[in-house]
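Computed from a predicted structure; not experimentally measured.
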Amino acid sequence: MFRPRLSLFSTLRSPTVRRRFATEARLTSDHVRIVEVGPRDGLQNEKKSISLETKIQLIEKLAKTGVTTIEAGSFVPAKWVPQMASTAEICEHLLKTPPESQNAIAYNYLVPNVRGLENLIKVMDATGAPAQTTSSDTSTEISLFAAATEAFSKANTNCTIDESLERIQPIVALAKTKDIRVRGYVSVALGCPYEGPDVSPAKVADITATLLEMGADEVSVADTTGMGTAPRTMELLQALKAAGIANNDLALHFHDTYGQALVNTIVGLEHGVRIFDSSVGGLGGCPYSKGATGNVSTEDLVHTVHSLGMHTGISLEEMSRIGAWISSELGRANESRAGKATLARLTGAC
């Protein structure tokens with residue numbers, strides 16, 4: 001059975017011992033890469049049926065903002081997440097007709113198992129599109145999930161953490177044979193709806209290290225419930241550092257259930273993390289975590305990063321317009337304060 005390497009973690013607690021993981025080009029100190037998760041994580045929990053046309057339109061609009069990574073869908077069975085039933089069609093459309101953009105964009109798809117990845121590969125083969133293009137065009141990536149607590153793992157994937165890691169290993173191996181970049185997630189890293197807020201930072205660090213050792217190119221550590229606080233976020237980041245995990249291999253994913261997402265983001269920035277997930281208009285929620293509200297909004301995150309003198313390459317104005325548009329399309333409130341304020345400034349409204 002594949003088990004997290006607790007013994008390895010314990011030998012790497014000294015800050016003088018560092019593991020190195022191969023990944024993409026190093027990030028500059030003042031640049032923050034934002035991963036836009038709205039089309040997948042943002043829409044998956046919506047009760048109202050969303051048309052294929054609206055989903056594609058959302059992605060095409062986002063592609064023009066300067067964002068470089070977009071979660072486009074999920075190859076999960078429709079009975080699990082009905083809102084993602086059109087992912088194959090979205091993937092085919094993006095491969096055949098890449099949206100207009102001023103930069104290269106990676107489109108990411110969640111796959112829960114080997115079959116999900118095989119379904120993605122079938123679409124790629126049918127269109128004749130490689131995972132990575134040599135032009136400044138598009139690329140295809142996958143993401144996969146592990147959980148930091150046994151209770152959430154059993155509720156979300158119907159298996160233990162060890163079993164979920166065993167299932168992940170062949171997914172990563174198959175992806176690598178197809179030159180598909182792999183992004184891992186560690187859910188409920190700062191609080192679990194079943195086990196409470198006291199999730200072990202050492203456990204999160206060990207699962208993160210395990211995913212990287214399997215071949216994941218990057219791991220996003222997720223505060224799925226929004227229970228995270230500044231002190232506990234720092235404690236987690238220190239545990240990740242002690243495990244030898246480089247900031248360049250790490251992303252942070254905050255939900256704003258308790259209004260702490262931007263506070264925790266600043267803690268991450270001060271620690272040296274430069275990759276963050278967010279959702280336009282603050283869309284989102286987790287079907288396995290009651291009460292968890294949306295992801296931190298992309299507009300709020302961009303505004304915060306820019307206010308600190310750092311840059312993202314993303315147009316706050318364009319992102320704000322999209323946040324207002326998709327919120328209206330879904331018949332829900334726009335959850336982005338910076339987005340609403342930006343639009344009010346642009347239109348002169350009070």
Does the Asp223 side chain pair with the main chain of Gly228, one donor and one acceptor, at a distance under 3.5 Å?
-> yes
Report yes or no: does Arg332 contribute a side-chain atom to a donor-acceptor pair with the main-chain N or O of Glu46 at less than 3.5 Å?
-> no
Whether over 12 other heavy atoms sit under 6.0 Å from Lys176 NZ | yes
Going by heavy atoms in the side chains, are Glu218 and Glu141 under 4.5 Å from each other?
-> no
So Tyr185 and Phe145, would you call those rings parallel, tilted or perpendicular, with 30° and 60° as cut-offs?
-> parallel
Go through the side-chain N and O atoms of Thr68 and Asn103 and say whether any donor and acceptor fall under 3.5 Å apart.
-> no
Side-chain donor/acceptor of Asn334 to backbone N/O of Ser327, under 3.5 Å | no
Indicate yes or no: does Glu89 engage Lys55 in a salt bridge with an N to O separation below 4.0 Å.
-> no
Rounded to the nearest 0.5 angstrom, the CZ-OG1 distance for Phe254 and Thr224 is 11.0 Å
Give a yes or no answer on whether the side chain of Asn295 reaches the backbone of Leu283 with a donor-acceptor pair at less than 3.5 Å.
-> yes
Who pairs with Glu317 by salt bridge (Lys or Arg N to Asp or Glu O under 4.0 Å), at least two apart in sequence or on another chain?
-> Arg345
Asn45 side chain to Gly284 backbone, donor-acceptor under 3.5 Å = no
By salt bridge (Lys or Arg N to Asp or Glu O under 4.0 Å), which residues pair with Glu150, not counting sequence neighbours?
-> none
Can you check whether Ser29's main-chain N or O pairs, donor with acceptor, with Arg274's side chain at less than 3.5 Å?
-> yes
Can you name the residues that form a salt bridge (Lys or Arg N to Asp or Glu O under 4.0 Å) with Asp277, not counting sequence neighbours?
-> Arg183
Treating Ile, Leu, Val, Met, Phe, Trp and Tyr as nodes and any side-chain heavy-atom pair under 4.5 angstrom as an edge, say whether Val305 and Val263 lie in one connected cluster.
-> no
Is Gln83 reaching over with its side chain to a backbone N or O of Lys48, donor-acceptor style, under 3.5 angstrom?
-> yes
For residues 108-132, pull every pair meeting ring-ring contact (aromatic ring centres under 6.0 Å, His included), keeping only residues two or more places apart or in separate chains.
-> Phe75-Tyr109
Distance (rounded to the nearest 0.5 Å) between Leu58 CG and Ile326 CD1 | 4.5 Å
Please answer whether the main-chain N or O of Val296 pairs with a side-chain N or O of Asp256 as donor and acceptor at a distance below 3.5 Å.
-> no
If you round to the nearest 0.5 Å, how far is OG1 of Thr138 from CG of Leu95?
-> 6.0 Å
Value rounded to 0.5 Å, distance of CG in Leu316 from CG in Leu301 | 10.5 Å
Take atom NE2 of His303 as the centre, draw a 6.0 Å sphere, and report whether it contains more than 12 heavy atoms from other residues, nucleotides or ligands.
-> no
Residue pairs fulfilling side-chain hydrogen bond (donor to acceptor under 3.5 Å, both in side chains) with at least one residue in residues 112-129, sequence neighbours excluded = none
Working for salt bridge (Lys or Arg N to Asp or Glu O under 4.0 Å), residues Glu235 and Arg232 | CA-CA 5 Å; Glu235 182 183 8; Arg232 288 175 46 242; 5.8 Å; no
Counting N and O atoms only, with roles assigned by atom type, does the side chain of Thr65 sit under 3.5 Å from a partner on the main chain of Ile314, one being a donor and the other an acceptor?
-> no
Arg40: salt bridge (Lys or Arg N to Asp or Glu O under 4.0 Å) partners, not counting sequence neighbours = Glu71
Flag, side chain of Glu36 to backbone of Gly38, donor-acceptor distance under 3.5 Å | yes
